Structure formats: structure tokens, C-alpha cells
**Q** 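Supplied in C-alpha cells, the structure appears directly below.
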Amino acid sequence: MDIQEQLKSDIQQAIQALFNTTVDDVVLQPTKKEFEGLYTFVTFSLTKALRQAPAQIGQAIGSWLTENSTIVSGFNVVQGFLNISIADAAWLNVLNDIATNPSFGNLAAKNQSVMVEFSSPNTNKPLHLGHLRNNFLGDSVSRILKANGYDVVKACIVNDRGVHICKSMLAYKMFGNNETPESAGMKGDHLIGKYYVLFDKAYKAQIEELVGQGTPKEEAEKKAPLMLEVQQMLRLWEQGDPETVALWSQLNAWVYEGFDATYRTIGVSFDKTYYESNTYILGKEIVEEGLQKGIFYRKDDSSVWIDLTEEGLDQKLVLRSDGTSVYMTQDLGTTDLKYEDFHTNRQIWVVGNEQDYHFKVLFAIMRRLGRSYADGLYHLSYGMVDLPTGKMKSREGTVVDADDLIQETTEAAASAADEAAKGKLDEFSETEKTALFRMLGLGALKYYLLKVDSQKRMQFNPAESVDLHGNTGPYIQYVHARIQSVLRKAADTGVSVEGQVSVEQLDEIEQQLIFLLSQYPQRVQEAGDDYAPSYIAQYAYDLSKTFNQFYDKLSILKETDSAKLHARLVLAKSVGETIRKAMGLLGIDVPEKM
RNA sequence: GCAUUCGUAGCUCAAUUGGAUAGAGCACCUGACUACGGAUCAGGAGGUUUGGGGUUCGAAUCCCUACGAGUGCACCA
């Protein structure tokens, strides 16, 4: 039985019995820790209807509950706050339920599906810190939605065509000397990124030269020979010129190999990958459809527009005057395509907040076109990641590379372990050690990026990101390892962790722990409703911190009362499992030993 | 200029969506180990929630205003 639901219903009954009226929704909040009790009911909102003082109402409801509710053991009233204590017997039932329910925290199937599109990289340079926030977010939200009972399709749209790829291709053609990832000893994505930078340098030099000759900067940017060559290359690609297409295929293949390696490392995968080279032509039929329906209009130069001023937006171009697509055209097409492929009830895009406006427009157009799925479209917008020195700028070389960063956090975990583990890892093989350090390094990094509200801009501090004290991934991973150690010892000494828990009395900190455990499904639901991994991160930390307090205050294995010993073991095991599940929702693994 | 997001301890972030004396971590200071794992725990110090108005029993949260910062306003993606 869910204590919170039971308590809500009991309070409803109390209000009915005492005041002969009902409230639509009883809202409970956790009691602040300086007061006794675990649930608090706020009575201010009832004062007008009942014409009584808040404290008086609290007293009345509290007394009624202690007499009539099977789960309430006591109460106190502070101003308009009714703080309620729950009987130990009820908490024991809760613990027994959780301990024997393997799917605790997995909500009932909803028979609804969601597509989550994330990552969506360009193939002209390797992934960086910003992509990591995107990937971790998309991956975690997918896991959270799954736990909420949705069928989830993870999708990735690879931006593998366009001017930016041609830049790398051209530079490779000019300076490449048939270099390969093998001959260069570089991951493919890094190799192509190198040529992208080379292009940019050469291009800049040409611009400067032209400006030096008196050409205005804007004109120089368009007329630089390299830019003209890039555009020629793009035309050749679009015409299917064999040589150009062959080069493009080769370079992209290298990039994919590099991306795949990174995805494997961070534990991210996709159910469906779309390539823009296949989808960029889509959307033109939709433009036709819109014209026929009178939603779009054609200007004299034959470009096509939509007027969204009624929605508080602007007029927006959906097709160029030469009949070619813009970004919006493609997105109209791929949105339809994704729906035709999977018929999901919702489509979510994990894309940075600089595109907020674009998605407002996209969704407005889909509504105007009368798409049945339009209300299920959602832009999961996230803030940029800043460095302590300011914004990341590729031009100034301040971009933090994803592979480098993972390498650094892994090394930091390794050197920290040398000091902290003190021989606990002696029996680990080198491979096991490497895997552990990777787990800790990635745990630190993922937790660091996911604990912050994703909508907000955040600052990335390299030193803090590899920290393993305080509110960090490794702190939580440590608690899991600690619990497993206790459980191993219990098994060695033949103490059982199975069976029903039954003790006379619980310590306050034990109540607190069970209370936190019982809140887990609700947190999963809230995180799903708000697409918010940060809720889960905060929960995992709260649970871990409370467990450490419990661990410090009460002994488990040294407890002489066998019923208490058993209860604490079951509690520890349940906490360990819940930590593992919660961290799993963040895409973070937890170790048996560390 | 127009639109939009934001401003909380020295720093990085919370605050159950309008509830109690605004909480954590880092950094700083003080305690607790021949240990069920100290990668831990307990305590201290640190705040006019950017400033100023308003709404009400009650505001970091809602409204107005000033200041400061980010992003968007391409026939780029």
C-alpha cells in the first residue's frame, strides 16, 4: 500500500467527517527536518471555506487522524502546518513491499509511444562537451520514459551533407595526401575535424588578403576562391558526381567509425538513425500541400512563405525562390517521415535553446497543416555549457573535446583511487581496474552534467567535474559499493537477507530512509512528466546521503538483536537496489567494489 | 531595436511549482577511526534571493519597473 495515497484519502475522510465538505486535491509535502513527522499538510487554503483558524483546523484533522487512521501515529501543529507521523508498522509494510518487488520503480505500461531524437551530430568534426550534455540528456530521458511505461524509440539524425562537410572534403583533397585514420593514428572524426580546421585557416587567410586589397569583408567572405570551390563541390555532390560522392562516402565512413567508438564508450545507442543525405529532399510535397490548403503563399519571386503573426510569430520562409529547401522544409519532411515510420504518440527533440524559435514555428506549421500528431511534438530545450573562462568557441580553440574529456575524467578517477582505495582493488585485474575507472570517470561526468536543471545554462568546471566528494556521481557509486560490501559479509557469515522484516520499533533515521525509498516511483513519474533527469540525480544523492547517516548512526552487522539486524540488512539491500535503478536512469553504472 | 530566457552564500547548483527560520556541495575552520568500506560522518561560519514597487494570510517563485547577462531575429543548418 502506498502510504502517501492512503494518507491523502484519510485526510479527505477527516475533512468530510469534521467539516462535511471535500477538497479536490490533498497536497502533502515532506516535513522540514527540524520538525517531527514526515508528511506535512498545509491548512491555510482551507481557512476561508471553513471559517476557522489554520492551527485549529490542523489540530482537528490531526486528532481525527490519530484516532481513525490506521497508519497515523502522531501529529503536531505549527501555525498552519500539520506535521504527521506514521506508525512503524506501516513503514515495515512499505519496506517489505519494496524489498520483494523486483520491478519497484517501473511504472505500469501506458501503451503509448515516444520518439526521442537526440545527439544529431555534424560529420565535419568530433563531438564536444556540448554534445555530451545533449547525449546524456537524450539517453537519460529515454530511460526515464521507459521506466514510466512508454515505448521509446531513440532516434538520431546525422547531418552528413552540406557546405560544412564540403569544407572538410576540400581541405582533405588539397592537403590530405591520402592520409587515413590508421596512417595518422587518429580517430576518424578527429582526422576530419583536423581538415575542417585547416580549411578554416586557409579560408581566413584568403579573406584577409582580399580585405587587404580593399574588398569589403562581407563580399570577401563570399568571393574567396575556397568558398567558391566549396560551393562548386556541393553542386557536384548534389548532381551525384562519382568522384565527389566517393570522397564524401570515404570521409563520412571514417567519421562514423569515430562516432561509434565514442557512443560505445559513453553507453549511448539508437534504435533508428536517419541520414540527412537521404532526407534533405523531403518536405517539398508538404510545401505543395500547404499551398493547396492556402496555409502557405507564394511571393512574386516564387519563394514560399507562411504567415504566423496570429500565433505571435513572424512570417517564415519555407522554400527558396530557386525552389530549393531550407532547414525548415527538411524538418517538415522528417517530422512526417518519423511519424510514418513509427506512429509514436509523441516526438521529442533534444536540441539546444538557441533553436527555441525554430521549433515554435515548426510546431505551429504542423498544427496549421492539421497533423493529427501535432500536439505531441515537444522541444526539449537545454542551455549551453560554459567554461569558467567563458563561452566555448571553436574559432578560439576553447572547445572541450568529448574524447579528451572522458580520457581525463577516467585518469582522474584512477589517480584518486590510488589514494583512496587503499588496497581494496588489489585483487582486481588490470582490465577490471580500467573498467572501474572508466565507470567512475563517466559516472562523475554524467552526473555533473545531469544534476543541473537541463533548461538552464550551466558552467563546466573541469576540477569539479572529476571531484568524487560531496554531491557527485562517485559519492553515490561509493554508497552502492559500500552496501554491497556489507551484503557480501552478511552472506559470508550466513545471515539471511530474505524473508519478511518484523521489528518492534524503528529508529528515526530508518523511518526516514524507508520514506525516501517509498518516494522513488513518484520521483520517476515527475521526472518523466517534466523530462527532468535532474530530479533523479537529486533523489539519488538524497538517498545516498541519508544512507550514510544511517550507516554512521546505527550498526548493521554488529547489531545483536537478530530481528533488527535482519531489518537493517533488508533496508540496506533495498537502498542499494534503488540507487542502482536511479543511477541506471541517468545512464550511470554502479560498482560492486571501488 | 524587437522577441525570448535568466539573475539565489566567495564559487557551482537546489528549493516538491505560492508555504514554515531559503537548502546542498566545493572552498574555509573544528571535531569523530587499531573501521559493518574515513572515497565517510557530525558541527561552525557564510544570504536584504540584482535594486525598487505591487498582488495576499504567506513571494526566490506571480505582476510592473530599472539594471545586468545569454540566445534568436539568414532565400545557413
Side-chain angles (χ1 to χ4, degrees), chain A residues 27-35 40 42-45 47-48 53-54 78-81 83 122 159 161-164 276 280 299 301 303-305 312-314 317-328 330-331 352-358 360 381 383-384 386 388 391 413 416-417 419-422 424 440 448 451-453 455-461 463-465 467-472 474-475 477-479 481-490 493 519 522-523 526 530 534-535 538 541-542 545 548-549 551-559 565 568-569 572 593-594:
Chain A
V27 180
L28 293 172
Q29 50 183 327
T31 303
K32 296 199 73 161
K33 62 182 176 190
E34 61 257 44
F35 300 108
T40 293
V42 183
T43 61
F44 288 107
S45 53
T47 50
K48 270 181 196 151
V78 183
Q79 300 163 44
F81 299 90
N83 303 319
N122 292 345
N159 184 4
R161 64 162 288 280
V163 180
H164 46 293
E276 253 186 50
Y280 80 103
K299 284 193 179 173
D301 64 1
S303 59
V304 181
W305 296 73
L313 305 166
D314 295 315
L317 178 93
V318 291
L319 197 70
R320 290 195 191 101
S321 52
D322 64 1
T324 58
S325 304
V326 287
Y327 181 37
M328 186 59 73
Q330 294 177 39
D331 259 8
N353 62 12
E354 70 269 19
Q355 294 196 36
D356 285 354
Y357 187 78
H358 170 79
K360 273 187 192 164
S381 164
M384 321 224 104
D386 286 328
K391 288 185 65 176
E419 291 177 31
K422 292 194 189 122
K424 282 169 213 150
L440 298 177
Y448 184 84
K451 74 174 172 183
V452 180
D453 179 357
Q455 313 275 345
K456 287 190 182 168
R457 189 180 192 88
M458 70 174 289
Q459 198 174 113
F460 180 84
N461 183 317
E464 277 179 20
S465 72
D467 197 357
L468 24 81
H469 305 281
N471 189 356
T472 66
Y475 172 93
Q477 289 170 316
Y478 171 77
V479 174
R482 198 179 210 188
I483 290 171
Q484 302 318 307
S485 169
V486 172
L487 293 175
R488 275 193 302 273
K489 257 181 203 166
T493 51
Q519 297 251 302
Q522 192 186 329
R523 288 304 174 81
E526 289 162 356
D530 294 351
S534 63
Y535 295 2
Q538 186 63 44
Y541 176 67
D542 285 343
K545 188 175 165 61
N548 271 340
Q549 290 167 344
Y551 184 88
D552 188 72
K553 185 177 177 190
L554 302 173
S555 180
I556 302 173
L557 293 177
K558 284 183 186 164
E559 175 57 52
L565 166 61
R568 286 175 194 165
L569 273 176
K593 290 181 187 176
M594 64 187 272

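Since this is a predicted model, take the numbers as computed values, not measurements. Note on naming: letters A, B, ... go to the chains in the order of the sequence lines (proteins, then strands), and numbering restarts at 1 for each one.
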**Q** Dot-bracket for RNA chain B, please, read 5' to 3', with Watson-Crick or G-U wobble pairs under 3.5 Å on both distances, ( ) within the strand, [ ] crossing, | other strand, . unpaired.
**A** (((((((..((((.....[...)))).(((((.......))))).....(((((..]....))))))))))))....

**Q** Report which part of the nucleic acid A/Tyr535 touches: base, sugar-phosphate, or nothing (heavy-atom distance under 4.0 Å, all strands).
**A**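 Answer is base: heavy atoms of A/Tyr535 come under 4.0 Å of a base.
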
**Q** Between the protein and nucleotides 33-36 of chain B, which nitrogen or oxygen pairs are less than 3.5 angstrom apart?
**A**
residue: B/C36; atom: OP1; partner: A/Lys558; partner atom: NZ; Å: 2.1
residue: B/C36; atom: OP2; partner: A/Lys558; partner atom: NZ; Å: 2.9
residue: B/C36; atom: O3'; partner: A/Lys489; partner atom: NZ; Å: 3.2
residue: B/C36; atom: N3; partner: A/Ile556; partner atom: N; Å: 3.4
residue: B/C36; atom: N4; partner: A/Tyr551; partner atom: O; Å: 2.6
residue: B/C36; atom: N4; partner: A/Leu554; partner atom: O; Å: 3.1

**Q** For A/Lys33 and B/A42, give me the distance from atom NZ to atom P, rounded to whole Å.
**A**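 Value for this atom pair: 8 Å.
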
**Q** Tell me if B/U12 is syn or anti. Syn = glycosidic torsion within 90° of 0, anti otherwise.
**A**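 It is anti.
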
**Q** What string of B, S and - do you get for nucleotides 54-59 of chain B, 5' to 3', when a contact is any protein heavy atom under 4.0 Å?
**A** ---B--

**Q** Say we look at B/A9 and B/A14: how far apart would their P atoms be, to the nearest angstrom?
**A**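 Between the two P atoms, the distance is 13 Å.
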
**Q** Please determine, by modelled atom types, if A/Tyr535 and A/Gln522 share a side-chain donor-acceptor pair under 3.5 angstrom.
**A**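 There is no such pair between these side chains.
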
**Q** Check every atom of B/U40, B/G37, B/G72 against the side chain of A/Glu354 and return the nucleotide holding the closest atom.
**A**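 Of all the options, the side chain of A/Glu354 is nearest to B/G72.
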
**Q** Could you work out which one of B/G19, B/A77, B/C41 sits closest to the side chain of A/Gln549?
**A**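 Among B/G19, B/A77, B/C41, the one nearest the side chain of A/Gln549 is B/C41.
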
**Q** Quick check on B/C76: is either OP1 or OP2 less than 4.0 Å from any side-chain nitrogen or oxygen of A/Arg320?
**A**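 Checking A/Arg320 against B/C76: at least one side-chain N or O falls below 4.0 Å of OP1 or OP2.
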
**Q** Is there any protein nitrogen or oxygen under 3.5 Å from a nitrogen or oxygen in nucleotides 11-13 of chain B, and what are the pairs?
**A**
residue: B/U12; atom: OP1; partner: A/Gln459; partner atom: NE2; Å: 3.3
residue: B/C13; atom: OP1; partner: A/Gln459; partner atom: N; Å: 2.5

**Q** May I ask you to decide if A/Lys489's main-chain N or O and A/Thr493's side chain share a donor-acceptor pair within less than 3.5 Å?
**A**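 Yes.
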
**Q** B/A20 base to A/Asn83 side chain: any donor-acceptor pair below 3.5 Å?
**A**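 Yes, a donor-acceptor pair under 3.5 Å.
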
**Q** Compare the aromatic ring of A/Tyr475 with the six-membered base ring of B/A39 and state whether they stack according to the 5.5 Å and 30° rule.
**A**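 One would not call A/Tyr475 stacked on the B/A39 base.
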
**Q** Dump the pairs, protein N or O against N or O of nucleotides 2-5 of chain B, anything under 3.5 Å, distances to one decimal.
**A**
none

**Q** Which residues pass the ring pair (Phe, Tyr, Trp, His ring centres under 6.0 Å) test with A/Tyr541, sequence neighbours left out?
**A**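 Result, ring pair (Phe, Tyr, Trp, His ring centres under 6.0 Å) vs A/Tyr541: A/Tyr475.
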
**Q** Is there a donor-acceptor pair closer than 3.5 Å between any side-chain N or O of A/Thr31 and the backbone N or O of A/Asn83?
**A**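 Pair absent, no side-chain N/O of A/Thr31 close to backbone of A/Asn83.
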
